[in-house]
Amino acid sequence: MRHIIQTKSLMGYRETINKTISELSKADDLKGIFQKSLPEYLMPNGERIKEIISLSRALLFPGFYGKTIADTSSLSYYIGVDADKLFSLLSEQIEAGLSFQKTQDNSKREDLKKQASHLASCLIEKLPSIRKILLTDVEAAYSGDPAAESYYEVIYCYPIIKALSVYRVAHELLRMNVPLIPRIMTEIAHSETGIDIHPGAQIGTYFTIDHGTGVVIGATCIIGDHVKLYQGVTLGARSFPLDENGNPIKHIPRHPIIGNNVIVYSNSTILGRICIGDGATIGGNVWLTHDVPAGETVHQTPCTQE
């Protein structure tokens, strides 16, 4: 008797599951959220993109990331091995990103493969210049933090260097019009570090974020040289304008422009296409939606006691 009851209960569960499967499979409900995967095209792979990040860091900071390297005599060998792996994986994932455009331009798989290989090669060619910029970021983090004991500690430990090593590679890929992959890369870095930098942002040299957690830098931000942010800072957009159909207007400048030698202290929110002038200082917990002249200090209005 108990077996019969249990069988009937399982049949009821099966009926519920089958009904749910049918609901989840309705074509009308999937419009705009289902990416059809055709066998002749690749799809992006998150685990392989994580490996791209690891290899990029190993090439930019050999000995700190990837394999331990005993001395410079073997450096060329290990860099060569990692560069070859990076080229292969990057070509594959760039091709997968380009495949997302296949419905618009009907590109053939072979054409996408050639384009992806060319773009991967261009990115690898840019790694020496990316490293030079990253070294200025390391210097800024070290010079701006009395607790930092060495450049080594900064490279090993500081989340901003982990985030920037991904952002600066992703930014170059975005500049080469690689779709989707740069954004996946920076979102992986966001999950890893708590620092959210859109790959479209333009960030100058000697940039650092102290502590790092909770910082947001929007897609159309322009940040000058020698800029320092603290944790919790948002460089964001205000509510964007709508077109005649009530849809948000995309691809317009909507984030702040930060000049050179600017400091923004913790938990401040700077919104809209406003300009923060060279040498300005923005105090903590400030809500800012207007331009700030060069050299000015902005802080909360102190409370007056009655």
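From a predicted model like this one, the values you see are computed outputs, not experimental measurements.
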| field | S268 and W287, any side-chain heavy atoms less than 4.5 Å apart | value | no
| Taking 4.0 angstrom as the limit, do E47 and K50 come out as a salt bridge? | yes
| request: Drop me the distance from D225's CG to D278's CG, to the nearest 0.5 angstrom. | output: 9.5 Å
| message | If we count only N and O atoms by modelled type, under 3.5 Å, do the side chains of H190 and E187 hold a donor and an acceptor together? | response | yes
| Option among D291, V264, I258 that satisfies the side chain to side chain contact (heavy atoms under 4.5 Å, CB included) test with I276 | I258
| task | Apply side chain to side chain contact (heavy atoms under 4.5 Å, CB included) to the pair T208 and Y142, showing each step before the final yes or no. | result | CA-CA 9 Å; T208 191; Y142 173 76; over 6 Å; no
| Do E125 and S121 touch side chain to side chain, with heavy atoms closer than 4.5 Å? | no
| remark: Heavy-atom nearest pair, A83 first then I124, reads O-CD1, 3.8 Å
| said: Nearest 0.5 Å, please: how far is CD1 in I160 from OG1 in T193? | reply: 7.5 Å
| request: Count the heavy atoms of every other residue, nucleotide or ligand shown that sit under 6.0 Å from CZ of R175, and state whether that count exceeds 12. | output: no
| query | Which atoms form the tightest heavy-atom contact between I49 and I181, and what is the distance? | reply | CD1-CD1, 3.9 Å
| said: One thing to verify: whether E192 and R57 come together as a salt bridge, which I'm taking to mean a side-chain N less than 4.0 angstrom from a carboxylate O. | reply: yes
| query | Is a side-chain N or O of R273 found less than 3.5 angstrom from the main chain of T220, in a donor-acceptor match? | reply | yes
| message | Contact between T205 and D137 at the side-chain level, heavy atoms closer than 4.5 Å - yes or no? | response | no
| request: Working to the nearest 0.5 Å, report the span between CD1 of I209 and CG of L229. | output: 5.0 Å
| query | Is there a side-chain contact between I270 and T234 (heavy atoms, below 4.5 Å)? | reply | no
| field | Heavy-atom side-chain proximity of P182 to H171 below 4.5 angstrom | value | no
| Counting N and O atoms only, with roles assigned by atom type, does the side chain of R238 sit under 3.5 Å from a partner on the main chain of R254, one being a donor and the other an acceptor? | no
| task | Drop me the distance from I217's CD1 to I203's CD1, to the nearest 0.5 angstrom. | result | 4.5 Å
| message | Show, in sequence, the C-alpha distance, side-chain angles and deciding distance for N260 and H226, and conclude whether the side chain to side chain contact (heavy atoms under 4.5 Å, CB included) test is met. | response | CA-CA 6 Å; N260 300 319; H226 296 277; 5.7 Å; no
| message | Using a 6.0 Å cut-off, check whether atom OH of Y151 has over 12 heavy atoms from anything other than its own residue. | response | yes
| message | Please find the pair of heavy atoms, one from V292 and one from A280, that lie closest to each other, and give the distance. | response | CG1-CB, 4.0 Å
| Beyond-backbone contact of P199 with M185, side-chain heavy atoms, under 4.5 angstrom | no
| query | Is there a donor-acceptor pair under 3.5 Å between the side chain of T186 and the backbone N or O of R183? | reply | yes
| Shortest non-hydrogen contact from N45 to Q93? | N-OE1, 2.8 Å
| field | From CG (L127) to OG (S56), nearest 0.5 Å | value | 6.5 Å
| message | Whether the side chain of N245 engages the backbone of N247 through a donor-acceptor N/O pair (distance < 3.5 Å, no angle test) should be reported. | response | no
| message | If only side-chain N and O atoms count, and only distance matters, is there a donor-acceptor pair under 3.5 Å linking Y265 with N285? | response | no
| note | Heavy-atom closest pair (N261 atom, V227 atom, distance to 0.1 Å) is N-CG2, 4.4 Å
| message | How long is the straight-line distance from CD1 of I94 back to CG of L89, given to the nearest 0.5 Å? | response | 11.0 Å
| message | What I want to find out is whether K113 reaches E110 closely enough, with some N-O distance under 4.0 Å, to be called a salt bridge. | response | no
| side chain to side chain contact (heavy atoms under 4.5 Å, CB included) partner of Y167, the single match among L134, L174, I197, D196 | I197
| F87 side chain near L123 side chain, heavy-atom distance below 4.5 Å | no
| query | Is a side-chain N or O of H198 found less than 3.5 angstrom from the main chain of G200, in a donor-acceptor match? | reply | yes
| task | Please work out which of the three classes, parallel, tilted or perpendicular, describes the rings of F64 and Y156, given edges at 30° and 60°. | result | perpendicular
